[in-house]
Amino acid sequence: MYPGTVYRKHEPIFFQSLGNPFIFRCIDGVLIDGNDKGLSRSVYRSCSRRDQLGPFQMSDESWLTATLQNPLAVGQYVNNCSHEKAANVCYQEFDVPGHFPVELKQYLPNIVYSHDMESHLRCVVLVTLRDIKQGEELFSNYYTVVS
Ligand SMILES: C[S@@+](CC[C@H](N)C(=O)[O-])C[C@H]1O[C@@H](n2cnc3c(N)ncnc32)[C@H](O)[C@@H]1O
């Protein structure tokens, strides 16, 4: 998965985006900030704690630490493909349905920057394009998204 704070088009991301190579742009202009440092990190943690519902966490914060709860939430580290290194994964965007179980939200490494009753949480997963051997580096095409 591609972790991070989810911003809709009109939401302010200017300061978080300065010199930030971890911003993923979805087809509809939604942005996901997967930077685990600095202001981006503070914003994610703040939004995640804002949304906590009693004992239930609404997102996974562990991708900001060395102790991963969801070891698949590392999509932000995948490099772009080249002539020598072809893409072996691609991006698939999806919106988490409203009926998603509340007790499972703690495993989702995404949180919305602000709330909007009309939209659901955007997530992006990486899907393999062929069999991947253990230890093989993942490459994606930064300019291709499957919707
Ligand atoms: C989303 S990050 C990828 C992870 C990053 N390489 C890291 O170590 O944290 C995107 C940045 O990685 C670097 N990058 C990605 N693909 C690359 C490539 N094929 N060759 C060189 N640098 C690359 C660029 O600096 C880019 O802005």
Side-chain angles (χ1 to χ4, degrees), residues 1-52 56-98 100-101 104-116 118-147:
M1 294 186 77
Y2 195 102
T5 309
V6 179
Y7 294 81
R8 280 177 295 271
K9 265 185 188 168
H10 59 281
E11 293 176 334
I13 193 175
F14 178 72
F15 288 108
Q16 297 90 313
S17 71
L18 293 174
N20 183 352
F22 293 98
I23 295 182
F24 183 96
R25 185 185 166 84
C26 297
I27 289 173
D28 60 0
V30 165
L31 300 173
I32 304 181
D33 181 2
N35 195 337
D36 60 8
K37 298 194 172 54
L39 185 56
S40 302
R41 175 192 183 86
S42 302
V43 168
Y44 185 90
R45 292 181 71 151
S46 174
C47 293
S48 181
R49 285 162 198 197
R50 171 198 66 194
D51 288 359
Q52 188 162 345
F56 296 114
Q57 279 206 301
M58 291 298 107
S59 77
D60 174 18
E61 279 184 54
S62 72
W63 63 277
L64 298 169
T65 73
T67 320
L68 299 180
Q69 178 166 255
N70 176 359
L72 298 179
V74 289
Q76 77 278 35
Y77 295 125
V78 173
N79 282 323
N80 195 22
C81 62
S82 62
H83 285 305
E84 296 77 38
K85 303 278 188 183
N88 49 17
V89 293
C90 67
Y91 300 105
Q92 171 76 60
E93 302 176 6
F94 74 96
D95 289 334
V96 177
F100 191 78
L104 295 182
K105 288 192 176 177
Q106 62 179 310
Y107 300 109
L108 297 176
N110 297 102
I111 194 86
V112 288
Y113 177 74
S114 68
H115 287 282
D116 169 353
E118 286 154 32
S119 57
H120 294 147
L121 177 68
R122 172 66 46 80
C123 288
V124 174
V125 294
L126 286 82
V127 180
T128 60
L129 297 169
R130 59 169 174 76
D131 288 345
I132 309 272
K133 295 193 188 73
Q134 191 173 350
E136 217 179 320
E137 181 171 351
L138 301 182
F139 291 97
S140 62
N141 187 329
Y142 281 11
Y143 308 102
T144 311
V145 178
V146 182
S147 65

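Counting convention: from 1, in listed order, for ligands and their atoms alike.
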Can you tell if the side chain of Phe100 reaches within under 4.5 Å of the side chain of Lys105, non-hydrogen atoms only?
yes
Indicate yes or no: at least one non-hydrogen side-chain atom of Tyr91 is less than 4.5 angstrom from one of Cys26.
no
Please identify which of these residues, Gln52, Arg41, Arg49, meets the side-chain hydrogen bond (donor to acceptor under 3.5 Å, both in side chains) condition with Glu61.
Arg49
May I ask you to say whether Asp28 pairs ionically with Arg122, meaning some side-chain N is under 4.0 Å from a carboxylate O?
yes
Electrostatic pair Lys133-Glu136, nearest N-O below 4.0 angstrom
no
Would a 4.0 Å cut-off, counted as strictly less than, catch a protein heavy atom around [atom]?
atom                    : result
atom 25 (O) of ligand 1 : no
atom 22 (N) of ligand 1 : no
atom 8 (O) of ligand 1  : no

Just checking Phe15: does its CZ atom have more than 12 heavy atoms from other residues, nucleotides or ligands closer to it than 6.0 angstrom?
no
Identity and distance of the protein heavy atom lying nearest atom 5 (C) of ligand 1
Asn79 OD1, 3.6 Å
Looking only at protein heavy atoms, which one is nearest to atom 27 (O) of ligand 1, and what is the separation?
Pro21 CB, 3.4 Å
Please could you name the atoms of ligand 1 that Tyr77 approaches to less than 4.0 Å, counting only its heavy atoms?
4 (C), 9 (O)
Using a 4.0 Å cut-off to any heavy atom of Val78, which atoms of ligand 1 qualify?
3 (C)
So which bit of Tyr142 gets within less than 4.0 Å of ligand 1, heavy atoms only: side chain, backbone, both or neither?
side chain
Hey, is ligand 1 close enough to Gln76 that some N/O pair sits below 3.5 Å?
no
Selection from Asn35, Asn80, Asp36 by shortest heavy-atom distance to atom 17 (C) of ligand 1:
Asn80
Trace of the side-chain contact (heavy atoms from CB on, under 4.5 Å) decision for Asn79 with Phe139
CA-CA 5 Å; Asn79 282 323; Phe139 291 97; 4.1 Å; yes
